[in-house]
Each structure stands twice: as structure tokens, then as C-alpha cells.
There are 2 protein chains.
Amino acid sequence: MAQANSEPRAPLSRELLLRAAVAIADADGLEAVTMRRVGEAVGAEAMSLYHHVANKGDLLDGLVDLVMAEIDERVERTAVPGDTWLQAMRRRILSAREVMLQHPWAPRLFETRPTMSLAVVRYHDRLVGLMRAGGFSYDLAHHALHALGSRALGFSQELFDPAASASPASERMLRELADQVPHLTGMMAEIAHDDPAGTIGWCDDQAEFEFALDLLLDGLDRRR
Amino acid sequence: MAQANSEPRAPLSRELLLRAAVAIADADGLEAVTMRRVGEAVGAEAMSLYHHVANKGDLLDGLVDLVMAEIDERVERTAVPGDTWLQAMRRRILSAREVMLQHPWAPRLFETRPTMSLAVVRYHDRLVGLMRAGGFSYDLAHHALHALGSRALGFSQELFDPAASASPASERMLRELADQVPHLTGMMAEIAHDDPAGTIGWCDDQAEFEFALDLLLDGLDRRR
DNA sequence: ACCTGAACACCGTTCAAGT
DNA sequence: ACCTGAACACCGTTCAAGT
């Protein structure tokens, strides 16, 4: 569809590669981000990428920085001056979450990178600043970062995900082996009863995220 | 070192492959668990594995089940009859953590598997049973599972890990750019002051885990 | 029934060669 | 300087062939 078929192709650049990689990840997931595929997307051979990116890890770090830039921008835009530390923290984290929801591949990427990028470090530094202004000791702020974990950036990896297990096979499994998981079966039944239309399905991810976030923030506020 | 060089090799079996895979993962990490490498470890070609395992995903699911069996066994052994729901939950989760610490590759494996194994589902089912007996509504127990996330199984993936960032390069980076992360710098300084010997380094993972766990359990107990 | 060798379709990456 | 083609060392997996 690109009519510029015969024109001299736009010169490659790190920016261009990163934008192509984001588009691929948004469309087909993180595992589709391949040197060959990115090369194809920008109309070059895979090996040409190495002139603008040290290696694949460098490219992935670039993606992290792009997402962090989006988060920082949104956090700044949605900030409200009069907020208490708890309100500000909550707002900031939920803003970060909105960006994460737009890039479903980002959580896995953030968890996978071996070293933390400067942008991620700075994000956490500002959270500590928020807590210090709210009366936290350094020690408690430190605990808070660990307790929040990835939730500070707006996501949690949901190891226990009944929705994902509700595939045809697993659903049948659960029914047949209901005596093996009696409590979960009862839990499912009650939640289905409370939501007969089943509009939000098994779990409302956003509600669960906010419940856990408030649980943590309230607990931290109490220990302040 | 295996003297049984000329003897007819022990026949392959799923059990044998899984034990070999665990040994490889314990020694060289999860990414070293390769069909070819497992085959080599049991003295067979990689393609022979497919007679005892559907594919690599099936093999990884088998690893999850092995770890879960270890956890279930330890949880049962360390249980204390008179415990309140909170004490029992805490003890159970810390027992699971001990197993996870013996298999550093397990957390990443658990996070990576696309579908939850029956053993993991049953583990969570028993946690719900514990909470129900402690007076939880199904709704609150459901929230609790989501809030705990992977912590229910004794680990948290520690996105923010100053220890990992304390590599030579990052340490220099932090020093040079101390004005970029003033709060973290202050935090580091105070923690270094409180622990002049530096025996536990930047963070005590176990203490951080227990702090976050207690924060969550206390909060849940209060909402019970 | 169980195991094997060769082969296929993918990876990331190196390297010498082109312009 | 930037880009390329061929090649290398890996993957998981298929398939026809062996015993």
C-alpha cells in the first residue's frame, strides 16, 4: 500500500526501528518482535539494524524507554496539585496502568529485561520523593517499593488467572474435578450468581488491581 | 563418571526426563533446558524425548508439577494444627517460598506457563478453604488471591531490584547522575549507614517479602 | 513400541563484501 | 558511512527410516 515504492527509502534510524518494533508488538505480541521482522517492516535486511542498535537487547531496552516516556508524560498530565501523598501515588500508578493497558506486551517486557533502565529508576525515585513528602522514613519508603513491586508501574502479572483457565478444556476439567477444587467451585458459583449477565466475566481486572493497590497503600499509610 | 557406559541405558521415561531437566535448570538456569540438552543428559537424541513428552511445553508443565509436589509436601509437613487463618496462611506461603528459593528458576517458569496446572489450581483452592474457615466471604477470598498474586506461592518478581542495578556500570551511573535520582541516593546512604558492615547488602529479600506479605495479610484480616 | 538421522523453518549474530 | 548476502551456531519439531 505504501506508494513510495520507488522513492529512496527513508534512512534507517534508532527511532524508526523502535517505532516499527512497537507497531509489531502491538499487533502480534512481543514474540513477533524479531530482528528479521523489524527489518522487513522498515524495508531493510535484518543485519542492517545493527548499525543503529547494538543488539536485540538494546532494541528491547529502547522499547522500555518509549513506554516509560509515555508513562511520564501521562503522569505529568494527570497530576493534581492538592493531592495527599496517597492520592498522588494512587493517581500516578493508575495513570501508568492506562499506558500499560495500551501495550499489553509491556508488562512481560519490563519483567524480562535483566537490568533496569534509567527511566524506570527515575520513576521509582519520584515515587520515593512523593512518600518522603508524605512523611515516610527512607526505610518505610524502601519497604513500600518492594511491597508494591510491579504494581508501582501499573500492572501485576496475575499468576492466578481463572479467566485464562476458563478455556474449553480447563472448564470441562474444573467441572469434572469439582471435588478436587471445592472452594474455587463455590467461589465461581457465587460470583456467577452476583453477576448473572456475566458481563465482566470471571474477574474485573481493573477492580482487582485497585483493590490490591488500596490494600497496600492503606497499610503503608497506617505504618507511616 | 557414569560407569554404566557399556550397559544398556536405562529406558527413557517422563520421570527420567523431568529429573534431568530439573538438574539442568538447577545448574545452569531455565534457558539451558533445551530438548537437545535434556536428551544429552539422559544419553539419547533430542528427538527421542517426544515419545515420553508431547512437546517442550509439556516438559515445562511437568517441571511445574514437580515443584508443586515439593511445595505441597513441605506445606503439609510444616503445618501447625492450632493456627489461626492468618498464621496458617503465613506459614504455608513461607514454606512454599523455601521450595522456590531452592529452585531459583521456578518463579520465572511459573510466570511463563500460559495455562495454570491443576496442581497450582488446587494449591489456591486450599488457600481459599483456609480463608473461608477464617470467616472470609467468597468475594473477599477472591480479592485476596488477586492481591497476593505470585506471593501466594512464595515469590515476587522484584521489578525494582537495586541489588541487580548495583553492577559496576550502574553503580557508577548512579553516582554520576545522583542528581537525577536524589531520593534513591539518600535512601541508599541511610540504609548503608544503618548497616555499616553491609552484610545483607542493599536489600534483605526475605525481610522484604515478609514485610509485604504481612502488609497484605493484615489488611485482609482487617477487611474480614 | 521405541529410538534415530537428516531435514525444515525459524532464531540472533558475524563477517567479508559491496556501494 | 551505511547496507547486504551468505554463513554460523543455535532453537523446536517433522518425518521417514531403522530395530
Side-chain angles (χ1 to χ4, degrees), chain A residues 2 4-25 27-64 105 108-109 111-115 117, chain B residues 2 4-25 27-64 105 108-109 111-115 117:
Chain A
N5 209 350
S6 58
E7 292 183 25
R9 182 196 53 215
L12 298 185
S13 72
R14 186 181 169 88
E15 267 294 304
L16 191 69
L17 302 190
L18 291 179
R19 303 227 166 273
V22 167
I24 292 169
D28 296 330
L30 198 57
E31 78 284 355
V33 177
T34 256
M35 297 302 269
R36 283 169 172 84
R37 177 89 182 267
V38 173
E40 185 187 5
V42 299
E45 299 298 314
M47 307 75 199
S48 305
L49 310 189
Y50 286 86
H51 288 109
H52 305 93
V53 128
N55 48 38
K56 191 180 178 185
D58 184 30
L59 186 143
L60 293 178
D61 286 335
L63 290 186
V64 169
W105 44 268
R108 172 132 300 170
L109 173 64
E111 284 171 2
T112 302
R113 292 285 71 214
T115 63
S117 82
Chain B
N5 210 350
S6 57
E7 292 183 25
R9 182 196 54 216
L12 299 185
S13 72
R14 187 181 168 88
E15 268 295 304
L16 190 70
L17 302 190
L18 291 178
R19 303 225 166 275
V22 168
I24 293 169
D28 296 330
L30 198 57
E31 78 285 356
V33 177
T34 255
M35 297 303 269
R36 283 170 172 83
R37 177 89 182 268
V38 173
E40 185 188 3
V42 299
E45 298 299 313
M47 307 74 200
S48 306
L49 309 189
Y50 285 87
H51 289 108
H52 306 91
V53 131
N55 47 41
K56 190 179 180 185
D58 185 29
L59 186 142
L60 293 178
D61 286 335
L63 291 186
V64 169
W105 43 270
R108 172 133 299 170
L109 173 64
E111 283 171 3
T112 302
R113 293 285 69 214
T115 63
S117 82

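For clarity, every value in this text was computed on a predicted model and none was experimentally measured. A note on names: the letters A, B, ... follow the listed sequences, proteins ahead of strands, and every chain is numbered from 1.
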Nearest-Å distance, CD (A/Glu45) to C1' (C/dC15)? 15 Å

Take atom CZ in A/Arg113; do more than 12 heavy atoms of anything else shown fall under 6.0 Å from it? yes

From CD1 of A/Ile24 over to P of C/dC11, roughly how many Å is that when rounded to an integer? 11 Å

How long is the span from the OG1 atom in B/Thr34 to the CD1 atom in B/Ile24, to the nearest 0.5 Å? 8.5 Å

Min side-chain heavy-atom separation A/Leu30-A/Thr112 under 4.5 Å: no

If you restrict it to nitrogen or oxygen atoms, what contacts under 3.5 Å exist between nucleotides 16-19 of chain C and the protein, and what is each distance?
none

Figure out the CG/C1' separation between A/Leu12 and D/dT4, and round it to whole Å. 12 Å

Let me confirm one number: the CG-CZ distance from A/Asp58 to A/Arg14, rounded to the nearest 0.5 Å. 4.5 Å

Separation of A/Met35 atom CE from D/dC3 atom P, in whole Å? 13 Å

By a strict heavy-atom criterion of less than 4.0 Å, which residues belonging to residues 46-56 of chain B are in contact with DNA chain C? B/Met47, B/Ser48, B/His51, B/His52

Send over the distance from A/Arg14 CZ to D/dC2 P, rounded to a whole Å. 15 Å

Write down the distance between CG (B/Leu17) and P (C/dC2), rounded to a whole number of angstrom. 13 Å

If the threshold is 4.0 Å, N to carboxylate O, is there a salt bridge linking B/Arg36 and B/Glu40? no

All heavy atoms of B/Val38 vs all of B/Leu17, minimum pair found to be CG1-O, 4.0 Å

To the nearest 0.5 Å, what is the distance between CG (B/Asn55) and CG (B/Leu49)? 11.5 Å

Rounded to the nearest 0.5 Å, how far apart are CG of B/Leu12 and CD of B/Glu45? 11.0 Å

Between atom CG in B/Leu59 and atom C1' in D/dC11, what is the gap in whole Å? 15 Å

Please find the pair of heavy atoms, one from B/Val64 and one from B/Ser117, that lie closest to each other, and give the distance. CG1-OG, 3.9 Å

Nearest whole angstrom, please: distance from the P of C/dG5 to the CZ of B/Arg36. 13 Å

Indicate yes or no: at least one non-hydrogen side-chain atom of B/Trp105 is less than 4.5 angstrom from one of B/Asp28. no

Which nucleotides of DNA chain C pair, in dot-bracket form (Watson-Crick or G-U under 3.5 Å, | meaning another strand): ||.|||||...|||||.||

Under 4.0 Å between a side-chain N/O of A/Thr34 and OP1 or OP2 of C/dC10, yes or no? no

Could you give the distance from CD (B/Glu111) to CZ (A/Arg108), rounded to the nearest 0.5 Å? 7.5 Å

